[in-house]
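To keep things clear, I will list the structure first and then write my remarks on it.
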2 protein chains.
Amino acid sequence: MALADPSHPTCTAARYAEGVQGGYSPNVPTNRKPRVTIDQVAQATGVSRQTVSRAINNKTEIDPETRQRILDAAQAMGYRPSRFARGLVRQDLITIGLVIADVLNPFFPEVTAGVLEAAERRGWQVVVYNTGSERRKELEVVDMLFDQVDAGVAFLLHHDAIAKATAGNLPFVLLDKGGRAPAVPGVRIDFEGGARRGLEYLIGRGHRRIAMLDDEAYLSAEAPNTRRELYLKVMGEHGIPVDINWIQPAHNSIDGGAAAMERLLSAHRDVTAVFAYNDLIAIGAQLRARALGLRVPEDCAFLGFDGLSIGELVEPPLTTLHIDKRRLGEIAVEQAALLLGGMSEDEIPEAVIEPQLIVRASA
Amino acid sequence: MALADPSHPTCTAARYAEGVQGGYSPNVPTNRKPRVTIDQVAQATGVSRQTVSRAINNKTEIDPETRQRILDAAQAMGYRPSRFARGLVRQDLITIGLVIADVLNPFFPEVTAGVLEAAERRGWQVVVYNTGSERRKELEVVDMLFDQVDAGVAFLLHHDAIAKATAGNLPFVLLDKGGRAPAVPGVRIDFEGGARRGLEYLIGRGHRRIAMLDDEAYLSAEAPNTRRELYLKVMGEHGIPVDINWIQPAHNSIDGGAAAMERLLSAHRDVTAVFAYNDLIAIGAQLRARALGLRVPEDCAFLGFDGLSIGELVEPPLTTLHIDKRRLGEIAVEQAALLLGGMSEDEIPEAVIEPQLIVRASA
DNA sequence: CTGAAAGCGCTAACAA
DNA sequence: TTGTTAGCGCTTTCAG
């Protein structure tokens, strides 16, 4: 995908690319204006800094005239209170860190919506980090979190990143705690129940050769109870033999799903249904299958996981296991609030999100 | 309400007032564990606080043994350095605020991806705010920004919110500066060029009765050069009479587009093409039109704006004016960096993003 | 209504 | 290698 192409003739923005190359130090711009402090404003207006503070903070114990004069001077001088100095004194400025895998995967904006809304209700700020599910990046972000926020709400794949996050002194909530111990705060999405309902639906419709398109990122994550394992388990319970090559790893994207589907078809054209790691992969797979001449669901049925609204846009609309992603985000923030309130990790009430089978038309 | 002027740019009282209205204290959890400080760790380990600082910050001038001992104690005591105290001393911790209209509109995650990436390269944190394009919310968020971040990168619709944002002392970049003065830092998306190319494409294909589905949020925004005005302008230039009822306001969502399309069709079934405010509205409209029995593009053609990747999922794939949203986010951060580096607002180089017509199949 | 003093928790610069 | 001394910029007492 060549979206960001600054060399494109019509992109005036090109020069910025060079500007960045220019090589200035990344976070300390040169020529930085020194900060205007409250003392300078006080001096300029001939009052004490307390009086300036009163004006800025709209306190009542101040002459309205003085107040206005100070405000004007402050404005003119370019004064803005330092959040650090303020935060040091007041103990109620809370910032949480939200760690997601990929903003471009519609799953995460929905979770984010829930987190932002819940945080806003509490007057909290939300700093967002994107990991791309890379192990190195996850570890890096966890480190960052310890320095920058009061609590973390995170979607983490890699075992060591999770270990690091939960071992520290930072209140930490996992957006998908999977099969981890009860004492690890977080929301559990009942993938097992979901996968079971989904696969049994397919089996009930007569499917036996059911392929699985897995997220390749999980291959290295050492996570317990992956969707792939659940697939194997449920198939096994129903006595349906699984050819190991029915399982194809896919990059977690529409294109990834398409590519994996093509690989699958070239080896096993006889599968009658596809159980995908998620909707993105399912959509890509279904699109490619149709492009390759298969009829959906007659020749091959597709079952997604997540319940993204874009599943309704494709043809035929995608049957999927819907997760209430917004609620997921809200619950995580509520748990973070409890932790921040002093509740110990093992007192946090258990929270489970149950995926719902939504039958549309692809399976 | 307040005595004097809480709307004054340097006055931060506005949001405190809201907090008080809330009744319960929203951000101070009860039972809060008191913060463990560096002095406590120093005392517990029998060293000076400076030595603790050295251990925590991984400095070299310290006995590895002492270091480990301190680290263990710190960990056991639940010590975590205060970002406020740190920020006060070190001047290189930068946080920017990203203000978007709606996380659930795929346009914004793409912009966000660009912003996050550019910010990360600089080691900056990004706090995200969602306004829903509500005027009240935009004003509130702008206030918040003044308190909480070092620079703002914002998508703002309402004139007064923009005025407030740019009047203050905070480096501020608009993600869509529209037709505003050159001295207002921000990126200009050339909607006029885009709209012209798009409409001329439709006209060139023989369309004369071209409807416009506008974003209803703009009705109250007092923004210059809206897409609606451009539509009127270009149609006028081509001597094509426009029935004012061809313009339907829509909520900025797929459902909004669908509803608006239904309204449009009930009054003007004879339109042969729809120029939508954006892809979301276009997709909703097209879906509904097809559900109502119209063939696309034979009975009615659809042209979107934004170039969202979900436009490729619908049938027929959506013809659209593609905006490089990721690049938009990146450029905005680069401008913020210049501002933060001390460059004055009118020195910021002009940046324009040129929408590209992508002909798929809906028009 | 206004000011002076006392820290919030940390790190940089210098001494030891 | 470690400790001491100064602040960073602000708000919260408590006096005037």
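These values consider heavy atoms only, across backbone and side chains, with no hydrogens, waters or symmetry-generated copies. A, B, ... follow the sequence lines: proteins, then strands. Residue 1 opens every chain.
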Worksheet item: Does one side chain, of A:Q125 or B:Y129, offer a donor that lies under 3.5 Å from an acceptor on the other?
Response: yes

Discussion item. Please identify which of these residues, A:L157, A:V99, A:D160, meets the side chain to side chain contact (heavy atoms under 4.5 Å, CB included) condition with A:E138.
Written reply: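 For A:E138, the side chain to side chain contact (heavy atoms under 4.5 Å, CB included) test succeeds with only one of A:L157, A:V99, A:D160, which is A:L157.
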
Gap between atoms [atom1] and [atom2], on [X] and [N] respectively (whole Å):
X: A:D92; N: D:dC10; atom1: CG; atom2: P; result: 17 Å
X: B:N57; N: D:dT2; atom1: CG; atom2: P; result: 15 Å
X: A:Q43; N: D:dG9; atom1: CD; atom2: P; result: 14 Å
X: B:L93; N: C:dC10; atom1: CG; atom2: C1'; result: 12 Å

Worksheet item: Between the main-chain N or O of B:F108 and the side-chain N or O of B:T112, is there a donor-acceptor pair closer than 3.5 Å?
Response: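 Between the backbone of B:F108 and the side chain of B:T112 there is a qualifying donor-acceptor contact (under 3.5 Å).
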
Worksheet item: Taking the side chain from B:K177 and the backbone from B:P185, do they hold a donor-acceptor pair closer than 3.5 Å?
Response: no

Fill in: All side-chain hydrogen bond (donor to acceptor under 3.5 Å, both in side chains) counterparts of B:R86, not counting sequence neighbours
A:D147, B:N57

Fill in: Set of residues satisfying side-chain hydrogen bond (donor to acceptor under 3.5 Å, both in side chains) with respect to B:R49, sequence neighbours excluded
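Only B:D39 meet the side-chain hydrogen bond (donor to acceptor under 3.5 Å, both in side chains) criterion with B:R49.
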
Report all side-chain donor-acceptor pairs from residues 336-347 of chain A shorter than 3.5 Å, counting only partners two or more places apart or in another chain.
| residue | atom | partner | partner atom | Å |
| --- | --- | --- | --- | --- |
| A:S344 | OG | A:D346 | OD1 | 3.4 |
| A:E347 | OE1 | A:S344 | N | 3.0 |

Practice prompt. Have a look at the helix from C:dC1-D:dG16 to C:dA16-D:dT1 and give the angle its two end axes make, five pairs each, rounded to 10 degrees.
Written response: 30°

Can you give the donor-acceptor pairs under 3.5 Å from side chains of residues 162-175 of chain A to other protein atoms, not counting sequence neighbours?
| residue | atom | partner | partner atom | Å |
| --- | --- | --- | --- | --- |
| A:K164 | NZ | A:D143 | OD1 | 3.3 |
| A:K164 | NZ | A:D143 | OD2 | 3.1 |
| A:T166 | OG1 | A:I162 | O | 2.8 |
| A:T166 | OG1 | A:A163 | O | 3.3 |
| A:N169 | ND2 | B:Y79 | O | 3.1 |

Practice prompt. Return no unless some side-chain N or O of A:K59 is found under 4.0 Å from OP1 or OP2 of C:dC1.
Written response: no

Discussion item. Does D:dC10 have OP1 or OP2 under 4.0 Å away from a side-chain N or O of A:S53?
Written reply: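 No.
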
Fill in: Per-nucleotide protein contact string for nucleotides 2-9 of chain C, where B marks a base within reach and S marks sugar-phosphate only (heavy atoms under 4.0 Å, - for neither)
BBBBBBBB

